[in-house]
Structures are given as C-alpha cells and as structure tokens.
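Within every chain, numbering begins at 1; the chains are lettered A, B, ... in the order of the sequence lines, protein sequences first and strands thereafter.
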2 protein chains.
Amino acid sequence: MPDSTSPDLAFAAHDHTHCAHDALERAEALTKASGARMTPVRRRVLEILLEEHKALGAYDVLARLAVEGFGNQPPVAYRALEFLVEQGLAHRIQRLNAFTACTHPGQDHAPAFLICRLCHMVAEAEASAARTALDAEAARAGFQVERSTIEALGLCPNCREAA
Amino acid sequence: MPDSTSPDLAFAAHDHTHCAHDALERAEALTKASGARMTPVRRRVLEILLEEHKALGAYDVLARLAVEGFGNQPPVAYRALEFLVEQGLAHRIQRLNAFTACTHPGQDHAPAFLICRLCHMVAEAEASAARTALDAEAARAGFQVERSTIEALGLCPNCREAA
DNA sequence: TCTATGTATGTAATATCATAACACGTCAAC
DNA sequence: GTTGACGTGTTATGATATTACATACATAGA
Ligand SMILES: [Zn+2]
Ligand SMILES: [Zn+2]
Ligand SMILES: [Zn+2]
Ligand SMILES: [Zn+2]
C-alpha cells in the first residue's frame, strides 16, 4: 500500500511479478536491518506465499518445500511461517487456518483482512477505525484489548462483477 | 444484554444460575417459535456451554456428552454445535476453535468477542460501530462484506485488577 | 393404522491442522 | 577447538474437523 489512505492493491490488476519481487526485497532489507536471519527455507516460504494474494495452509507450503528438497515434516513449514509472522512479513488468517504474505512489510500494522469467498483472494485493509471502535466498546466493559482479529468474508470486486 | 447500550454482563458478578436458566428458557421459546427442534443432545450441549462464560472445544463438549450416554463420536458434538450456531444460540470463536453460548439469544446480532487471555472468559460486545468502519473501509476496495469476525484478546476487568 | 418421508443420531474412518521432543549441523564467540 | 545459540530435520503425537453410511425416530399422508 503506497500510503494508509489508498485501498489495498491485491484485488486490482497490477504487475504482480513486480509486486512480489518488491515485497521480497523489502523483506530482505528489513530482516538484514533487524538482525533476523533470512535463511533459504524462510525465503522460499515467503516466495511461495508471495506468488498469489491468497492464503496457503501450512501443509500446502510444506508440500511445495518438500518437492524442492527441504524437509517434509510439519515443523519445517510451521517454523518458517511463524518466523515470517513474527517479522511482520506474513499474516495468519484465523478464519482459514492459513497464512498470507504481507503486502506492506515494514509498516507496523494490524490490518483487517478481506477474504473473497469465491476466488479466495485476500487483501489487507486499514483497520484502525474499526479497532478504535472495538477498543472503545471493550473499554465500556472494563476490558483491555491487547490484540484483535478483524476478518471479513464476502465478495471481491472481480467476483462481485462476475456475479 | 438488557439493551444495546449496556455492556455485557459476563465479566460482572451476577446470578449466573439465573442467567443460564434464563438463556435456556429463551432458547426453548425461540426454537419452538421457529419450528426448530430442540432435542436432548442439543439442549444438553447448550446447557454445557451455559455453565460458564467460556468457550468450549467440540471435543470437550463431546467428552461431557459421552459420559452421559450420548454418542461419543465427533459428529455428535459438531452437529449439535452447528445447530446452536445456526439458531443463534451459540457462537463460534475462531481464535479458539471453540464455542460459547450466546448471552443474548433472540436479538439478531453479530457481536464482537472479548476473550480474556488469563481466565479465558468470553464476553460479547456491541460490534456495530466496528463493523460499520470495516464495511466502509472494505467498500473503498470494492469489497462487499457478507460476514465478519471481530475478536479481541486481552484482559478482562477482574484479571486486569488482579495484575 | 400403516407406511412414506424427512430429520436426527450413532459410528467408523479419515482428513486436516498443530506441537512436543530430540538429534544433528553450522557458525561465531571465547 | 570448545561452547553456546540457532536453525533444520525427523519422529511421534495431539487437536480439530469432515465424509460416508447405518439406524432410529418423528410426523404427515394414504
Ligand atoms: Zn500486512
Ligand atoms: Zn474474488
Ligand atoms: Zn452468566
Ligand atoms: Zn480474565
């Protein structure tokens, strides 16, 4: 996302090769800067997630890794995914038990996710207004929010038009 | 919730026996009115969920059912839970892969959930403001929201005070 | 009443998602 | 060159969820 006021690019036609390549470069730079180690497995998992704006299950990722000569046991995938999530390079989608590459690495953010129920594309959306409303409502009950999950299921612009 | 402007009772000290009994009665009335069949398994599952303001996994529910002479295979629990969710008598908490009894059956609602990370209590909170913000942000991306999940993890008033 | 129909329940088998525990390899610090 | 931190690989297991099929039960016609 170029800035916090324009909608996410994921659903729009775009040069995805560039989009993915760019995200990977930013990831390399970020990990280098933070001292985190971007190893071959981790890089490859990120590349796999970046292939499409969709969410992949850990076992889908694992299958891809396995045929490429990496380990083929679940922890191999889960650990790399966990690393990416910790580094803010990927997100976990609770609703799908799956993971998606972050489209704005480096911008500290807690987005909402827009999940198309037809084509399964996933986009990030600005969630600060929704979070503010949620935190306020929680506060009325004396509850202190630490993290929140905001995920929407529906129709992306493309599938909506097709229907 | 007495009305949509007061916070959820779940975290507050209250006569829970009455709270649960009342919810069960409303559930009976609602299903009767709608023609849905409140069978023994389904009623028992709702009673189990109503015992506490917490979320229970399907297998926890199943274990309880099994010792009481109901079936002891997963579909027994999952089907009853699915029924209750469809009827608006229970909710699924995505973050926990678990289910909780609805505290306002009959009021058509799509609440947010407040999940205490210490005592594991779950309360419902009014989510319309957050949803409105989310829908608006989604619309900017051309996305049409059909359902959304809003769940907050944090500290309930009791645990917050204790800490 | 009998029987047809839809719905609920029970069960077996399997699929899917996730983690614990331990062994081994690499690399940098000392 | 030993130590310690970290990453990877593997085994085993645990946790969550669904498919498929058989059986029981309610209720509505005939
Ligand atoms: Zn992101
Ligand atoms: Zn779509
Ligand atoms: Zn109560
Ligand atoms: Zn608490």
Would you find more than 12 non-hydrogen atoms of other residues, nucleotides or ligands less than 6.0 Å from Glu161(A) atom CD?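 No, not enclosed.
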
For His21(B), does the NE2 atom have more than 12 heavy-atom neighbours from other residues, nucleotides or ligands under 6.0 Å away?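 12 or below, so no.
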
Under 3.5 Å, is there an N or O donor on one side and an acceptor on the other linking the side chain of Tyr59(B) and the base of dA17(D)?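 A donor-acceptor contact between them is present.
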
Measure from the side chain of Pro74(A), starting at C-beta and using heavy atoms only, and say which of dT19(C), dT11(C), dT16(D) lies closest.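 Of the candidates, dT19(C) comes closest.
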
Side chain of Val41(B) - closest among dG10(C), dG9(D), dT11(C):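 Nearest to the side chain of Val41(B) among the choices is dG10(C).
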
Would you please indicate yes or no on a ring centroid separation below 6.0 angstrom for His53(B) and His14(B)?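 Yes: the rings meet the under 6.0 Å criterion.
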
Toward the 5' end of DNA chain C, by each residue's nearest nucleotide, Gly69(B) or Pro75(A):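 Residue closer to the 5' terminus by nearest nucleotide: Gly69(B).
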
Length of the [atom1]-[atom2] vector between [X] and [N], whole Å:
| X | N | atom1 | atom2 | answer |
| --- | --- | --- | --- | --- |
| Gln87(B) | dT7(C) | CD | C1' | 13 Å |
| Asn72(A) | dA12(D) | CG | C1' | 14 Å |
| Glu68(B) | dG10(C) | CD | P | 12 Å |
| Leu81(A) | dT19(C) | CG | P | 11 Å |
| Leu56(A) | dT16(C) | CG | P | 15 Å |
| Leu65(B) | dT9(C) | CG | P | 11 Å |
| Leu62(A) | dT8(D) | CG | C1' | 13 Å |
| Asp60(A) | dC17(C) | CG | P | 7 Å |

Students often get this wrong, so: under 4.0 angstrom with heavy atoms, is Arg79(B) touching a base, only sugar-phosphate, or nothing?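 Answer is base: heavy atoms of Arg79(B) come under 4.0 Å of a base.
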
Contact class for Arg37(A) vs. all strands (heavy atom < 4.0 Å): base, sugar-phosphate, or nothing?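 Sugar-phosphate only.
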
Return whichever of Ala80(A) or Gln73(A) has its heavy-atom-nearest nucleotide of DNA chain D closer to the 5' end.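 Result of the comparison: Ala80(A).
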
Most 5' of Tyr78(B) and Phe70(A) on DNA chain D, judged by nearest nucleotide: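 Result: Phe70(A).
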
Could you walk me through whether Asp135(A) and Gln144(A) pass the side-chain contact (heavy atoms from CB on, under 4.5 Å) check? CA-CA 7 Å; Asp135(A) 292 1; Gln144(A) 179 172 17; over 6 Å; no

Short side-chain N/O contact to dT16(C) OP1/OP2 from Asn97(A), under 4.0 Å: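 So the side-chain polar atoms of Asn97(A) never come under 4.0 Å of the phosphate oxygens OP1 or OP2 of dT16(C).
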
Pairing residues for Pro111(B) by the side chain to side chain contact (heavy atoms under 4.5 Å, CB included) criterion, not counting sequence neighbours: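 Once residues adjacent in sequence are excluded, the partners of Pro111(B) under the side chain to side chain contact (heavy atoms under 4.5 Å, CB included) criterion are His91(B), His109(B), Phe113(B), Glu124(B).
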
